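Notes for the one structure printed next.
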Amino acid sequence: MKTGMMLIVMAIAAMAPECVWAQDYSGQWLGTITESQNRCKDLGKAEPGDYKLTIVHKDNEILIMENVVQRPYKGVINPKQPRNVHVQGAYSVDGGYVTEMIDIVFESDTKGTGDSVWSWSDGYYQCGGRFKFELTFIRE
């Protein structure tokens with residue numbers, strides 16, 4: 001009977017790997033912008049290069065913060081697709097507000113890729129951009 005039950009559990013795990021994969025993304029990560037489009041001439045958003053990030057992951061909630069400017073991006077992880085993370089943030093800069101939506105796919109416990117769409121507006125003028133990036137885990 002134990003063998004039969006074990007086979008059923010293994011079969012379910014094989015059919016639904018996303019549901020049984022549990023990962024804690026908390027720690028320090030290196031984000032490398034690989035592609036960037038910026039339609040805001042003076043904003044300097046998403047310049048190509050490396051950025052250190054801190055990720056705090058607890059239960060279904062996730063918080064991502066760039067280490068230098070300390071702007072939080074918050075999101076909720078869908079337990080049915082825990083590798084796919086969506087976060088968003090908003091902050092004021094240069095007399096206006098930036099709103100940003102970020103999608104990340106964690107390919108393993110140490111690697112991920114993502115893309116961002118953002119816009120800036122002061123209430124009269126609006127511009128924006130997008131970028132793609134890679135994530136590499138640095139340390140806990």
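We number each residue from 1, following the sequence as shown. Not measured: the values here are computed from a predicted model.
The ring of Tyr97 has its center no closer than 6.0 angstrom to the ring center of Tyr91.
Under the 4.5 Å side-chain heavy-atom criterion for grouping Ile, Leu, Val, Met, Phe, Trp and Tyr, Val117 is not connected to Leu53 through any hydrophobic cluster. Hydrophobic cluster membership is shared by Trp118 and Ile33, with clusters built from Ile, Leu, Val, Met, Phe, Trp and Tyr side chains linked at under 4.5 angstrom. Hydrophobic clustering (side-chain heavy atoms under 4.5 Å, transitive across Ile, Leu, Val, Met, Phe, Trp, Tyr) keeps Leu63 apart from Ile138.
Considering every non-hydrogen atom in both Phe133 and Ile104, the closest pair reads CZ-CG1, 3.8 Å. Minimum interatomic distance between Pro79 and Asn60 (heavy atoms only, all atoms of both residues): CG-ND2, 4.0 Å.
Dense packing is recorded around CD of Glu47, with more than 12 heavy atoms of other residues, nucleotides or ligands lying under 6.0 Å away. Around CE of Met101, the count of heavy atoms belonging to other residues, nucleotides or ligands within 6.0 Å does not exceed 12.
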Going through the distances and angles, do Val76 and Ile62 end up as a side chain to side chain contact (heavy atoms under 4.5 Å, CB included)?
-> CA-CA 6 Å; Val76 177; Ile62 191 163; over 6 Å; no
Chi angles and distances behind the side chain to side chain contact (heavy atoms under 4.5 Å, CB included) call for Lys132, Thr113 = CA-CA 8 Å; Lys132 293 184 182 295; Thr113 59; over 6 Å; no
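The list of disulfide bond (SG atoms under 2.5 Å apart) pairs with a residue in residues 58-120, not counting sequence neighbours, is empty.
Here the NZ atom belonging to Lys58 is positioned 13.5 Å from the CD1 atom belonging to Ile77, to the nearest 0.5 angstrom. Atom-to-atom distance recorded for Gln23:CD and Phe106:CZ is 8.5 Å, nearest 0.5 angstrom. Interatomic distance, OG of Ser108 versus CZ of Phe137, reported as 10.5 Å (0.5 Å rounding). Going from atom CE of Met65 over to atom NZ of Lys74 covers 8.0 Å, rounded to the nearest 0.5 Å. For the atom pair CD1 of Ile64 and CG of Leu135, the computed distance is 7.0 Å after rounding to the nearest 0.5 Å. If you take CG on Asn84 and CG on Asp103, they are separated by 8.5 Å, rounding to the nearest 0.5 Å.
Residues satisfying the side-chain contact (heavy atoms from CB on, under 4.5 Å) test with Cys127, not counting sequence neighbours, are Cys40, Trp120, Tyr125.
Distance alone, capped at 3.5 Å, places no donor-acceptor pair between the Gln126 side chain and the Gly123 backbone.
Taking the six-membered ring where tryptophan is involved, the planes of Tyr25 and His57 are essentially parallel, since the angle between them stays under 30° and well short of 60°.
At a threshold of 4.5 Å between non-hydrogen side-chain atoms, the residues Gln28 and Thr54 count as touching. In this structure, the side chains of Val68 and Glu66 come closer than 4.5 Å at one or more pairs of heavy atoms. Under the 4.5 Å side-chain criterion, counting only non-hydrogen atoms from C-beta, Arg130 is not in contact with Ser116. Side-chain atoms of Lys52 and Leu30, non-hydrogen and from C-beta on, do get closer than 4.5 Å to each other.
If you check the side chains of Tyr73 and Gln88, you find no donor sitting under 3.5 Å from an acceptor.
Tyr124 belongs to no hydrophobic cluster, as no Ile, Leu, Val, Met, Phe, Trp or Tyr side chain comes under 4.5 Å of its own.
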